[in-house]
Q: 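Before I ask anything, here is the structure I am working with.
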Amino acid sequence: MNEFKKESEILLKKKQKEKKNEELLEEKNTKKEGIQKNEAQQGAAEEQGSDLKEKLVDSEFSIKGQCAINLLLTKLDIINTVFLMNMHRNVIQMKTGRLKSYSSVCKKLQKKGLELDFDTAVERINDLIGVRAICAYVDDIYKVSELIEKQKDIRIVKVKDYIKEPKKSGYQSLHLILEIAIAFQNGTQWIKIELQLRTAAMDYWANLDHQLRYKKGKKEAELIDEELRECAEVIGNLDQKMLEIRKKIDNI
Ligand code: 0O2
């Protein structure tokens, strides 16, 4: 009897193991199918947007976009130099510019439920052309923004102050959606460009959050999301504290 019980237990364990393996295999295949489906959808969408690619990449638009980036970067350089002369410190610690990649444009249009065409992209996406400047302190962000707003060859389209009102994710930055005048072959052209201004601490946070955004939808990501929200609050408080200390030092 005991012998029989032992054999039944072994058989039961074997069956359980086989079932678990089958479940694992099924889960793996479903995941693979999901990835393949997403890739196929993305591929089809990008195919549909071939006119978009032609006009966006290596095009007149990208040349003008690069000019707008260079011009704004130079303006930021000048602003920093003026502050350096007056305050003896670098207000802008780092700056970069980029043209949004074709696949990011497709993803953003799809996310907004828009047609994959060039005119829609130019009209509805603010950051096709973008510059990011990292400032030392929160008040520096507003000083730089004030000087940018005063420039005669810059028009302010929209200001999004995610420092005063952080996003639900915890994201903090000041976004200026601008139009900048470029002297081109047949006269002046106004090019839309987004300037993101943030502190080094906000940038540190945003870079990590950006990595997580590619993993959204997974269970672990939700928990990390919450942790990141908490960190954003700590970073906001830290930026304020650092600013208070700097002001005290300025007054010595
Ligand atoms: P990527 O890959 O960084 O370029 P709207 O202008 O209102 O129609 P949009 O463009 O989503 O919609 O505006 P929003 O929310 O101001 O975001 C513009 C950009 O700010 C984003 O571009 C990001 O670069 C950055 N951003 C906004 N929210 C977050 C956030 O929660 N976390 C991080 N890390 N960055 C954020 P993209 O194209 O979404 O992304």
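Counting starts at 1 for both ligands and their atoms, in listed order. All heavy atoms count here, side chains included; hydrogens, waters and symmetry mates do not. In this chain, numbering begins with 1 at the start of the sequence shown.
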Q: As an exercise, identify every atom of ligand 1 less than 4.0 angstrom from a heavy atom of Y162.
A: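 In order of numbering, the contacting atoms are 14 (P), 15 (O), 16 (O).
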Q: Identify, for atom 21 (C) of ligand 1, the protein heavy atom at the shortest distance, and state residue, atom and that distance.
A: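 Answer for atom 21 (C) of ligand 1: D127 OD2, 4.2 Å.
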Q: Parallel, tilted or perpendicular, judged at 30° and 60°: which one describes the rings of H175 and Y162?
A: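 Geometry flag for Y162 against H175: perpendicular rings.
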Q: Among protein heavy atoms, which lies nearest atom 33 (C) of ligand 1, and at what distance?
A: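 The closest heavy atom on the protein side is D209 OD2, 3.3 Å.
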Q: For atom 15 (O) of ligand 1, what is the closest protein heavy atom, and at what distance to 0.1 Å?
A: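 Scanning the protein heavy atoms, the shortest distance from atom 15 (O) of ligand 1 goes to K167 NZ, 2.4 Å.
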Q: For ligand 1, indicate whether the residue Q172 contacts it via side chain, backbone, both or neither (heavy-atom separation under 4.0 Å).
A: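 Contact part for Q172 vs ligand 1: neither.
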Q: Within 45° of the axis and under 6.0 Å from the centre of the six-membered ring of F61, does NZ or CZ of K55 qualify?
A: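 Because its charged atom misses either the 6.0 Å distance or the 45° angle limit, K55 does not stack over F61.
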Q: Got the closest protein heavy atom to atom 13 (O) of ligand 1, with its distance?
A: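 Going atom by atom, the protein heavy atom closest to atom 13 (O) of ligand 1 ends up being K160 NZ, 3.1 Å.
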Q: May I ask you to test the T199-V138 pair for a side-chain heavy-atom distance under 4.5 Å?
A: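 Sidechains of V138 and T199: in contact.
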Q: Determine whether L72 and I148 make a side-chain contact, defined as any pair of heavy atoms from C-beta on separated by less than 4.5 Å.
A: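 L72 reaches I148 side chain to side chain.
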Q: Got L56 and S62 here, is their nearest side-chain heavy-atom distance under 4.5 Å?
A: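 Side-chain contact under 4.5 Å: no.
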Q: Is there a path of hydrophobic side-chain contacts, each under 4.5 Å between heavy atoms of I/L/V/M/F/W/Y residues, joining I156 to I79?
A: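 Linked, I79 and I156 end up in one cluster.
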Q: Taking the side chain as every heavy atom from C-beta outward, state whether W205 and L228 have any atom pair closer than 4.5 Å.
A: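 Yes, their side chains come closer than 4.5 Å.
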Q: I'd like to know whether CZ of R124 has more than 12 heavy-atom contacts from other residues, nucleotides or ligands below 6.0 angstrom.
A: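 Open: at most 12 neighbouring heavy atoms sit under 6.0 Å from CZ of R124.
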Q: Taking only residues two or more places apart in sequence, or in another chain, which ones meet K64 in a salt bridge (Lys or Arg N to Asp or Glu O under 4.0 Å)?
A: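 Result, salt bridge (Lys or Arg N to Asp or Glu O under 4.0 Å) vs K64: E60.
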Q: Below 4.0 Å from any atom of ligand 1, is there a heavy atom belonging to R198?
A: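 Heavy atoms of R198 never come under 4.0 Å of ligand 1.
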Q: Counting non-hydrogen protein atoms only, what is the nearest one to atom 10 (O) of ligand 1? Give residue, atom name and distance.
A: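 For this ligand atom, the closest protein heavy atom is K108 NZ, 2.6 Å.
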Q: Is N126 close to ligand 1, meaning an N/O of one under 3.5 Å from an N/O of the other?
A: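 So ligand 1 has an N or O lying under 3.5 Å from an N or O of N126.
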Q: Could you tell me which non-hydrogen atom of I92 sits nearest to which non-hydrogen atom of L76, and how far apart they are?
A: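 Minimum heavy-atom separation between I92 and L76: CD1-O, 3.5 Å.
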Q: Counting non-hydrogen protein atoms only, what is the nearest one to atom 40 (O) of ligand 1? Give residue, atom name and distance.
A: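 In this structure, atom 40 (O) of ligand 1 has R213 NH2, 3.6 Å as its nearest protein heavy atom.
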Q: Any heavy-atom pair between the side chains of Y142 and L174 that's under 4.5 Å?
A: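 L174 vs Y142: side chains touch.
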Q: Any idea which protein heavy atom is nearest atom 26 (N) of ligand 1, and the distance to it?
A: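 Checking every protein heavy atom, the shortest distance to atom 26 (N) of ligand 1 gives Y171 CZ, 3.5 Å.
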Q: Looking only at distance, does K111 have an N or O less than 3.5 Å from an N or O of ligand 1?
A: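 Between K111 and ligand 1, no N or O pair is found under 3.5 Å apart.
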Q: Distance under 4.0 Å to a non-hydrogen atom of Q196: what atoms of ligand 1 satisfy this?
A: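 Selected atoms, number and element: 19 (C), 20 (O), 24 (O), 25 (C).
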Q: Which of the atoms of ligand 1 are close to R98, meaning less than 4.0 Å from one of its heavy atoms?
A: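 Near R98, the atoms of ligand 1 are 4 (O).
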Q: Going by the atom numbers of ligand 1, which of them fall below 4.0 Å from some non-hydrogen atom of K100?
A: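 The atoms of ligand 1 under 4.0 Å from a heavy atom of K100 are 1 (P), 4 (O), 37 (P), 38 (O).
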Q: Answer with yes or no whether K168 contacts ligand 1, where contact means a heavy atom under 4.0 Å from a ligand atom.
A: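 Checking ligand 1 against K168, which is what was asked, there is no heavy-atom contact under 4.0 Å.
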Q: Is the Lys NZ or Arg CZ of K241 less than 6.0 Å from the centre of Y137's six-membered ring, within 45° of the axis?
A: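 So K241 doesn't make the cation-pi contact.
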Q: I need the contact type for H210 against ligand 1. Using non-hydrogen atoms and a strict under-4.0 Å cut-off, is it side chain, backbone, both or neither?
A: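 Looking at H210 and ligand 1, atoms from backbone and side chain both fall under 4.0 Å.
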Q: Quick one: nearest non-hydrogen protein atom to atom 31 (O) of ligand 1, plus distance?
A: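 Looking only at protein heavy atoms, the one closest to atom 31 (O) of ligand 1 is S169 OG, 2.7 Å.
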Q: Would you mind running through ligand 1 and noting each atom that sits below 4.0 Å from a heavy atom of K112?
A: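 Those qualifying, in numeric order: 5 (P), 8 (O), 12 (O).
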